[in-house]
> 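Mind having a look at this structure? Questions to follow.
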Amino acid sequence: MFDFFDYNFSSLISIFAALMGMAYPLILQAIQRIDGMYGSTKLAGYFEKQWYFCVFTWLLLVAILVSIITPFLLYYFGNYSILIVVSSIHALVVFALAISAFILFKYILMTTKPMMYLRYMENKIYGDNPPLTGIFQILKYASDKEDDELYMEASVSIGSYLYDYRRNVKGQVTTEVWTMLLELLKQHSKRDNHFFSSRNLIATYFLPMTERIDITDDEFRYIWQTVDAELQVDNKSWIYTYWTFADQYYRFTLDRYYDNDEALKWQQERFKEQHFMLGALLVYNGKYELLNKLMYFSNTLPPQYVLVPSTFILIHSQLRKLLSDKGNPMLMTQRYNMIGAPQDVSSDDFILRFAYKYSALLLIRLFALKNLNFAYNDPMSLPSISDLETVEKLDTEIYMINRLKDEVSEWFKDQNDLVNAIGSIAVAVDDVLNLCHKYIVQCESKIEALNASTEVDPEKREYLKSHLLKALSRYALTIPSKNEAPDDGYN
C-alpha cells in the first residue's frame with residue numbers, strides 16, 4: 001500500500017522539482033528582459049506586483065512546505081483514508097502550481113509584446129491603482145523605437161485618463177498621476193528626444209478645446225517647468241506649438257464672460273499672467289527670434305493677440321499686478337522660477353527684472369503695431385487714475401514707469417536684439433519715452449492735487465482708526481473704587 005503512495009510522492013516531487021527548476025530562472029530572465037527592453041525597472045516592478053506572480057510565489061512556498069511534510073505523514077499514518085487525503089492534498093498543490101506556472105509563462109510572453117502589454121494595463125487603468133507609470137514606460141519605449149501606432153495608443157490612453165481625472169480628482173491616485181507627470185517632465189528635459197521633442201503632450205493633456213477644466217496652481221507651475229525645460233534644450237518648435245494651443249485654448253475656452261464666475265476670472269488672469277511671464281522667460285534666455293514669432297502669432301483676421309498685451313493700458317495693468325503679488329514673499333519664485341536664476345531672497349527681484357524688460361519691449365512693439373492696429377481703441381491711451389489713488393500709490397506708479405523708461409533705453413542700445421524681437425520696423429526711442437513721460441506727468445498732477453486738497457485721506461483715516469482701536473483693546477477699562485473716586489459732595 002505504501003508503494004503506491006511512495007511512487008506517487010516521487011512523481012509529484014519530480015514534477016515540483018521540474019517546475020521550480022524552470023520557473024525561477026525563467027522569471028529572472030523575464031525581469032531582466034523587461035528591464036532591458038523598456039529601459040526601466042518600473043515595468044519589472046509592476047510585473048512583480050501582479051496577481052499571477054504573487055499566486056505563483058505563494059503556491060511555490062506552500063508546495064515546498066507540503067513536499068517536506070508529506071513523506072513523514074506517509075510514514076507515520078497507516079490509515080488508508082488518511083494517506084489518500086495527504087496524497088490528494090500534495091497532488092492538488094503541485095497541480096495548482098503547474099497551472100499558475102502556465103499562466104505566469106503566458107503573461108511573461110505578453111510583456112515581450114508592447115501593444116498587448118499596453119492593452120492589458122489599459123484594462124486596469126480605472127482601478128484603485130492605475131498603472132499610469134507603466135503605460136508611460138511603454139510610451140517612452142514607443143518614442144525610442146519611433147513606433148507611431150504604439151505611441152499614439154499609449155498617449156491617448158494616458159490623455160483619456162488625465163481628462164477624466166482632472167474632471168473628478170481622486171485623492172487616492174494623485175501620487176500616481178504626479179509620478180507619471182514627473183517622468184514626462186524628465187523626458188522633455190532631454191535634447192532631440194524622438195517623439196517627446198516633436199509631440200506636444202502638455203498642450204494635449206492640459207489645454208482641451210472641448211470642455212473647460214480649470215487648471216490648478218500646481219498644474220500651472222508644472223506647465224511652466226516643462227516649457228522652461230524645453231527652452232533649455234532649444235526646442236523652439238515645441239514652444240511654438242504650445243503657444244498655438246494656448247492661444248486657441250484661451251480664445252475658445254476661457255475668453256467668455258459670466259456674471260459672478262470668480263473661478264473663470266481667476267483662470268483668465270492666471271493664464272494671461274503665466275504667458276506674459278513666458279515672454280519674460282524668453283527675454284531671460286535671449287530667444288528673441290522665437291519671441292518675435294510668439295508676439296505676432298494670431299489665428300484671426302484681423303489679427304488679435306490675446307496672450308500678448310497690445311495696449312499701454314494692458315501692459316501697465318499686467319505689470320502692476322505682478323508688483324502687487326511681490327508683496328507675497330517668494331510667490332513669484334514659486335510660480336515662475338527660471339532655470340539658472342538665483343535661488344535666494346533676491347530671486348523675486350531677479351524675475352521681476354525680466355518682467356520689466358519684456359514690458360519695455362511690449363511698449364516699443366506698440367509703435368511697430370500702430371499702423372496694423374485693427375482694435376476699436378487707441379493702443380497709446382494712458383491708464384486712467386482713480387480718485388481713490390493715494391500719494392504713496394502714485395509714487396509707486398512713477399517709480400514703475402521710470403524703470404520702464406530705463407529698460408526702453410537699454411533695448412535701443414542693442415539694435416540687433418531689438419530688431420530680432422520686434423522686426424525691422426523703425427521705432428524712435430523718443431516716441432516711446434514720451435509716451436511714458438505723459439503718464440508720469442499725469443500722475444504728478446494728481447499728486448499735486450491731492451497735496452493741495454484739505455480733505456482727509458479716507459484710507460489713512462481708516463488706517464489710524466483701526467490701529468487706535470486695536471491699541472485701546474489691549475488695555476482693560478477699570479471702574480474706580482469708592483476710595484479712588486473724588487468726593488465732590490455727591491452721595
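Values below: all heavy atoms of this structure, side chains included; hydrogens, waters and symmetry mates excluded.
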> So for atom CH2, which belongs to Trp58, do other residues, nucleotides or ligands contribute more than 12 heavy atoms lying within a distance under 6.0 Å?
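Atom CH2 in Trp58 is not packed in, count stays at 12 or less.
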> Between Tyr288 and Asn416, is there a side-chain donor-acceptor contact under 3.5 Å, judged purely by atom types and distance?
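Tyr288 and Asn416 do not have a side-chain donor-acceptor pair below 3.5 Å.
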> Given 3.5 Å as the limit, does a donor-acceptor pair link the side chain of Thr253 with the main chain of Tyr250, or not?
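No; zero donor-acceptor contacts below 3.5 Å.
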> Answer whether the closest heavy-atom distance between the side chains of Pro208 and Tyr163 falls below 4.5 Å.
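Answer yes - side chains close enough.
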> Indicate the atoms forming the closest heavy-atom contact of Ala44 with Ile34, along with that distance.
N-CG2, 3.6 Å
> Could you please spell out the steps behind the salt bridge (charged side-chain N to carboxylate O under 4.0 Å, His left out) verdict for Lys236 and Glu230?
CA-CA 8 Å; Lys236 297 176 183 177; Glu230 287 289 352; over 6 Å; no
> Any heavy-atom pair between the side chains of Trp51 and Ile103 that's under 4.5 Å?
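With C-beta onward as the side chain, the pair touches.
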> Check the angle between the aromatic planes of Tyr52 and Tyr120 and answer parallel, tilted or perpendicular using the 30° and 60° thresholds.
tilted
> Within the 4.5 Å heavy-atom criterion, are Tyr205 and Ser155 side-chain neighbours or not?
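When only atoms from C-beta onward are counted, Ser155 and Tyr205 do touch, with a gap below 4.5 Å.
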> Hey, mind stepping through Met121 and Tyr46 against side-chain contact (heavy atoms from CB on, under 4.5 Å) and telling me if it holds?
CA-CA 10 Å; Met121 286 190 282; Tyr46 178 75; 3.6 Å; yes
> Sub-3.5 Å donor-acceptor pair from the side chain of Ser298 to the main-chain atoms of Gln304, do we have one?
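Side chain of Ser298 to backbone of Gln304, a donor-acceptor pair under 3.5 Å: yes, one is there.
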> Thr133 and side-chain hydrogen bond (donor to acceptor under 3.5 Å, both in side chains): which partner among Glu183, Glu176, Lys42?
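Checked Glu183, Glu176, Lys42 against Thr133; only one passes side-chain hydrogen bond (donor to acceptor under 3.5 Å, both in side chains): Glu176.
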> Using the side-chain contact (heavy atoms from CB on, under 4.5 Å) definition, which of the options Thr204, Leu201, Val177 pairs with Leu162?
Val177
> Counting neighbours of CE on Met115 that are heavy atoms of other residues, nucleotides or ligands and sit closer than 6.0 Å, is the number greater than 12?
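Buried by this count: over 12 neighbours within 6.0 Å.
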> On a heavy-atom basis, which atom in Pro383 and which in Tyr439 lie closest, and how many Å separate them?
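Pro383 and Tyr439 have their closest heavy atoms at O-CE1, 3.5 Å.
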> Report the distance from atom CD1 of Ile135 to atom OH of Tyr117, rounding to the nearest 0.5 Å.
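Reported value, rounded in 0.5 Å steps: 10.5 Å.
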> Judged by atom type as modelled, is there a donor-acceptor pair below 3.5 Å linking the side chain of Asp348 to the main-chain atoms of Thr333?
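Yes, because the side chain of Asp348 sits within donor-acceptor range (under 3.5 Å) of the backbone of Thr333.
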> With distance as the sole test, does Thr396 use its side chain to make a donor-acceptor pair with the main-chain N or O of Glu392 at under 3.5 Å?
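Yes, Thr396 side chain to Glu392 backbone: donor-acceptor pair under 3.5 Å.
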> Might you work through the side-chain contact (heavy atoms from CB on, under 4.5 Å) test for Lys272 and Phe276, ending with a clear yes or no?
CA-CA 6 Å; Lys272 281 191 171 184; Phe276 175 86; over 6 Å; no
> Using modelled atom types and a 3.5 Å cut-off, is there a donor and acceptor pairing between side-chain atoms of Asn235 and backbone atoms of Ser197?
yes
> Verify whether one side chain among Gln343 and Asn337 offers a donor that lies under 3.5 Å from an acceptor in the other.
yes
> Tell me, yes or no, whether the heavy-atom count around Lys293 atom NZ, taken from other residues, nucleotides or ligands under 6.0 Å, exceeds 12.
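Atom NZ in Lys293 is not packed in, count stays at 12 or less.
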> Going by distance alone, is a donor N or O of one side chain under 3.5 Å from an acceptor N or O of the other, for Asp214 and Thr216?
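Result is no, nothing qualifies.
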> Heavy atoms, side chains only, cut-off 4.5 Å: are Leu207 and Ile215 in contact?
yes
> Hey, what do you get for OH (Tyr161) to CG (Leu132), rounding to the nearest 0.5 Å?
5.5 Å
> Under 3.5 Å, is there a donor on one side chain and an acceptor on the other for Asp344 and Ser346?
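Present: a donor and an acceptor within the cut-off.
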> Do Ser347 and Met330 have side chains that get closer than 4.5 Å, going by heavy atoms?
yes
> Is Phe312 close to Asp378 at the side-chain level, that is, under 4.5 Å between some pair of heavy atoms?
no
> Taking ring-ring contact (aromatic ring centres under 6.0 Å, His included) as the criterion, tell me which of Tyr242, Phe195, Tyr222, Trp238 meets it with His188.
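Going through Tyr242, Phe195, Tyr222, Trp238 one by one, the ring-ring contact (aromatic ring centres under 6.0 Å, His included) with His188 is satisfied by Trp238 alone.
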> Could you tell me whether a side-chain N or O of Ser160 sits under 3.5 Å from a main-chain N or O of Val156, the two making a donor and an acceptor?
yes
> Counting only heavy atoms not in Glu149, do more than 12 fall under 6.0 Å of its CD?
no
> Does any donor atom in the side chain of Gln232 or Asn285 lie under 3.5 Å from an acceptor atom in the other side chain?
yes
> To the nearest 0.5 angstrom, please state how far the CG atom of Leu362 sits from the CD atom of Gln318.
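Nearest 0.5 Å value for the CG-CD distance: 10.0 Å.
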> Would you please indicate if the ring centroids of Tyr240 and Phe297 are separated by under 6.0 Å?
yes
> Taking atom CG of Asn328 as the centre, report whether more than 12 heavy atoms of other residues, nucleotides or ligands fall under 6.0 Å from it.
yes
> If you count heavy atoms of other groups shown closer than 6.0 angstrom to NZ of Lys190, is the number above 12?
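More than 12 within 6.0 Å, yes.
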> Determine whether the aromatic ring centres of Phe206 and Tyr249 lie less than 6.0 Å apart.
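Phe206 vs Tyr249: aromatic centres not under 6.0 Å.
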> Mind checking whether Leu264 and Arg212 have side chains closer than 4.5 Å, heavy atoms only?
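Answer yes - side chains close enough.
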> Going by distance alone, is a donor N or O of one side chain under 3.5 Å from an acceptor N or O of the other, for Ser310 and Arg365?
yes
> Please give me the minimum heavy-atom distance between Tyr284 and Ala341, naming the atom from each residue.
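Between these two residues, the closest heavy atoms are OH-N, 3.5 Å.
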> Carefully, step by step, assess Phe220 and Arg335 under the rule side-chain contact (heavy atoms from CB on, under 4.5 Å).
CA-CA 8 Å; Phe220 270 117; Arg335 288 181 172 179; over 6 Å; no
> Return the set of residues passing side-chain hydrogen bond (donor to acceptor under 3.5 Å, both in side chains) with Tyr336 (not counting sequence neighbours), or none when no residue passes.
Arg270, Glu273
> Return the set of residues passing side chain to side chain contact (heavy atoms under 4.5 Å, CB included) with Leu314 (not counting sequence neighbours), or none when no residue passes.
Pro309, Thr311
> Please answer whether the main-chain N or O of Gln187 pairs with a side-chain N or O of Asn193 as donor and acceptor at a distance below 3.5 Å.
yes
> What pairs with Arg320 under salt bridge (Lys or Arg N to Asp or Glu O under 4.0 Å), at least two apart in sequence or on another chain?
Glu389, Glu397
> Output the distance between atom CD1 (Ile239) and atom CG (Leu294), rounded to the nearest 0.5 Å.
8.0 Å
> Atom CE of Met152 and atom OG of Ser157: how far apart are they, to the nearest 0.5 Å?
12.0 Å
> Using side-chain contact (heavy atoms from CB on, under 4.5 Å), reason through Leu307 and Phe271 one step at a time and then give a plain yes or no.
CA-CA 8 Å; Leu307 299 181; Phe271 198 84; 3.8 Å; yes
> Can you name the nearest heavy-atom pair linking Cys436 to Lys405, along with the distance?
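In terms of heavy atoms, the two residues are closest at CB-CG, 3.5 Å.
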